[in-house]
Visitor: 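Please read through the structure below; I'll follow up with questions.
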Amino acid sequence: MAGGGVIGWAFLSAGTALVAAPFIAEAFRPRVTDKQRASAPGQVADLPNGPTWLQWRGPEDGPVAVCVHGLTTPSFVWGPLADHLAGMGFRVLTYDLYGRGLSARPNGEQDSTFFNAQLAALLDHQGIEGGFTLLGYSMGGAIATGFAAAHLSRVQQLCLIAPAGLGHDLGPVAGMAINHPNIGKWMMLGFYPRSLRRGLASERGLPSAIPNMVDLQMAESRKRGFAPAILSSLRGIMDEDLAPAHRAICDADIPTLAIWGETDDVIPLAGRDRLTELNPEARNVVIPGAGHTLAYTHVTEVARALDTLHVAQDAAR
């Protein structure tokens, strides 16, 4: 009996440690600090849900273009393309979504309402009152779509690069975390960052316009609040039906440009066909040989597509 009791307690202790391990590991991951924000190029906007890190490029009197990044990689992913937009004459705003980069890690479901509130507060903080061009990459495409549909009079033109919300495949760990609510957070904290880093390691051989891109992305996965934010977005904005939003954008005659990677296995090219169903007026450009990393591996080709955007002379600020 005594021996059985000891073994039972041993198994119980081991089980408890197994369950607690991902949460303990998350608690010991490094926080994003005010000192890090202060030392980074750019600036911080103190918004209702916490600090949002942002950066401006381009002529101060240029028409505003706002760039929204994706699920896992913060605003530095826009660097080369933002520079190109600035060279076209745009006044370009990039910023880190909550839970990523140097922005705060607030609680709450990261759905369209959540991200719309962050962007609306940021625009207000920066004094952007008129219309502007809105660009979104990957999950940022879903956010941009939702924001445009909710603010039809403000978005002058919309550009979606490999946009989420029209069909996506984020891998087995993410899928299981979404579909199993009771153990989803445990799985996300325990397995997703490591799974992501394995996937990123396989991209080291890809050409990149951003130096040390893989290392930068891996560093993000080690920050406190990263994995919970990813899970919240997967259960929020990434699980929303954006068909009504795309139809509203079409009905409002907002010029829409969609750029796709021919070999993208995260946001498959089939999304182009779905977008055409919802918004027949959207212009679709396919980048040959490009995967989901097209924003930094195929910058020249994507930039050529961006050259078709209208650079209005009336600034939004």
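Side chains are part of it too, since the values below use all heavy atoms of this structure and drop only hydrogens, waters and symmetry mates.
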Visitor: Identify, with sequence neighbours excluded, every residue that meets side-chain hydrogen bond (donor to acceptor under 3.5 Å, both in side chains) alongside S232.
Guide: none
Visitor: Decide if atom CG of N107 counts as having more than 12 heavy atoms of other residues, nucleotides or ligands within a radius under 6.0 Å.
Guide: no
Visitor: Are V66 and L160 connected, step by step, through hydrophobic side chains (Ile, Leu, Val, Met, Phe, Trp, Tyr) whose heavy atoms are closer than 4.5 Å?
Guide: yes
Visitor: Suppose we screen for salt bridge (charged side-chain N to carboxylate O under 4.0 Å, His left out). Which residues come up paired with E277, at least two apart in sequence or across chains?
Guide: R274
Visitor: Working to the nearest 0.5 Å, report the span between CG of L81 and CG of L135.
Guide: 9.0 Å
Visitor: Can you give the donor-acceptor pairs under 3.5 Å from side chains of residues 242-255 to other protein atoms, not counting sequence neighbours?
Guide:
none

Visitor: Looking only at heavy atoms, which two atoms of V311 and G89 are closest? And how far apart?
Guide: CG1-C, 4.3 Å
Visitor: According to the side chain to side chain donor-acceptor pair (under 3.5 Å) rule, which pairs have a member within residues 134-155, sequence neighbours left out?
Guide: S138-H292
Visitor: Are side-chain heavy atoms of M139 and M238 found at a separation under 4.5 Å?
Guide: yes
Visitor: If you define the side chain from C-beta out and look only at heavy atoms, does anything of S103 sit under 4.5 Å from L97?
Guide: no
Visitor: Given side chains that start at C-beta, do those of P268 and W260 come closer than 4.5 Å, heavy atoms only?
Guide: no
Visitor: Any side-chain heavy-atom pair from C67 and V92 closer than 4.5 angstrom?
Guide: yes
Visitor: Quick check for you: to the nearest 0.5 Å, what is the distance between L257 atom CG and I161 atom CD1?
Guide: 8.0 Å
Visitor: Between the main-chain N or O of G50 and the side-chain N or O of Y98, is there a donor-acceptor pair closer than 3.5 Å?
Guide: yes
Visitor: If we only count heavy atoms from C-beta on, is the R222 to R197 side-chain gap below 4.5 Å?
Guide: yes
Visitor: Distance check, rounded to the nearest 0.5 Å: L123 atom CG versus E129 atom CD?
Guide: 10.5 Å
Visitor: For T256, enumerate each residue passing the side-chain hydrogen bond (donor to acceptor under 3.5 Å, both in side chains) test, keeping only those at least two apart in sequence or located in another chain.
Guide: none
Visitor: Where do V285 and A305 come nearest, in terms of heavy atoms and distance?
Guide: CG1-CB, 4.1 Å
Visitor: Does I143 reach the side chain of F114, with side-chain heavy atoms less than 4.5 Å apart?
Guide: no
Visitor: Are the side chains of F226 and L196 in contact, using a 4.5 Å heavy-atom criterion?
Guide: yes
Visitor: Donor-acceptor pairs are to be reported for all side-chain atoms of residues 70-79 against protein atoms at under 3.5 Å, with residues two or more places apart or in another chain.
Guide:
{"unit_1": "T73", "atom_1": "OG1", "unit_2": "Q217", "atom_2": "NE2", "d": "3.0"}
{"unit_1": "S75", "atom_1": "OG", "unit_2": "D96", "atom_2": "OD1", "d": "2.6"}
{"unit_1": "W78", "atom_1": "NE1", "unit_2": "V68", "atom_2": "O", "d": "3.2"}

Visitor: Can you tell me how far the CD atom of E262 sits from the CZ atom of R272, to the nearest 0.5 Å?
Guide: 9.5 Å
Visitor: Quick one: side chains of residues 30-43, donor-acceptor pairs under 3.5 Å with protein atoms, not counting sequence neighbours, listed by atom name and distance.
Guide:
{"unit_1": "T33", "atom_1": "OG1", "unit_2": "Q36", "atom_2": "N", "d": "3.1"}
{"unit_1": "D34", "atom_1": "OD1", "unit_2": "R37", "atom_2": "NH1", "d": "2.8"}
{"unit_1": "Q36", "atom_1": "OE1", "unit_2": "T33", "atom_2": "N", "d": "2.9"}
{"unit_1": "R37", "atom_1": "NE", "unit_2": "L102", "atom_2": "O", "d": "2.5"}
{"unit_1": "R37", "atom_1": "NH2", "unit_2": "L102", "atom_2": "O", "d": "3.4"}
{"unit_1": "S39", "atom_1": "OG", "unit_2": "K35", "atom_2": "O", "d": "3.3"}
{"unit_1": "S39", "atom_1": "OG", "unit_2": "Q36", "atom_2": "O", "d": "3.1"}

Visitor: Applying side-chain contact (heavy atoms from CB on, under 4.5 Å), can you list everything that pairs with A121, at least two apart in sequence or on another chain?
Guide: L47, P48
Visitor: Contact between L306 and C159 at the side-chain level, heavy atoms closer than 4.5 Å - yes or no?
Guide: yes
Visitor: Of all the heavy-atom pairs spanning K223 and G101, show the shortest one and how long it is.
Guide: NZ-O, 3.5 Å
Visitor: Check L294 against A162 and note the closest heavy-atom contact, atom names and distance.
Guide: CD2-CB, 3.9 Å
Visitor: Could you tell me the separation between the NE2 atom of H298 and the CG atom of L206, rounded to the nearest 0.5 Å?
Guide: 9.0 Å
Visitor: Where the side chain of Q157 meets the backbone of H310, is there a donor-acceptor pair that is under 3.5 Å apart?
Guide: yes
Visitor: Tell me, please, which residues at least two apart from E281 pass side-chain hydrogen bond (donor to acceptor under 3.5 Å, both in side chains).
Guide: none
Visitor: Filter on side chain to side chain donor-acceptor pair (under 3.5 Å), then keep only pairs touching residues 112-121, sequence neighbours left out; what's left?
Guide: T52-Q118, S112-E240
Visitor: Assess the residue pair L166 and L278 against the criterion (side-chain contact (heavy atoms from CB on, under 4.5 Å)); give the C-alpha distance rounded to whole Å, side-chain angles, the decisive distance to 0.1 Å, and a yes or no.
Guide: CA-CA 10 Å; L166 294 161; L278 300 170; 3.9 Å; yes
Visitor: Could you list all the salt bridge (Lys or Arg N to Asp or Glu O under 4.0 Å) pairs where at least one residue sits in residues 206-217, not counting sequence neighbours?
Guide: R204-D215
Visitor: For residues R235 and E109, report the shortest heavy-atom separation together with the two atoms involved.
Guide: O-OE2, 3.6 Å
Visitor: Transitively linked via ILVMFWY side-chain contacts under 4.5 Å: L275 with L269?
Guide: yes
Visitor: Is there a side-chain contact (heavy atoms from CB on, under 4.5 Å) between I128 and L93 once you walk through the steps?
Guide: CA-CA 11 Å; I128 302 172; L93 172 63; 4.2 Å; yes
Visitor: Which atom names give the shortest non-hydrogen contact between M218 and A201, and what distance separates them?
Guide: CE-N, 3.7 Å
Visitor: Atom CZ of residue position R194 - does it have more than 12 heavy atoms of other residues, nucleotides or ligands inside 6.0 Å?
Guide: no
Visitor: State which residues pass side-chain hydrogen bond (donor to acceptor under 3.5 Å, both in side chains) with D273; sequence neighbours excluded, sorted by chain then number.
Guide: none
Visitor: Start with the C-alpha distance between D83 and R57, add both sets of side-chain angles, then the distance that settles side-chain contact (heavy atoms from CB on, under 4.5 Å), and finish with yes or no.
Guide: CA-CA 7 Å; D83 288 341; R57 292 174 172 83; 2.8 Å; yes
Visitor: Could you give the distance from CG (L85) to CG (D307), rounded to the nearest 0.5 Å?
Guide: 9.0 Å
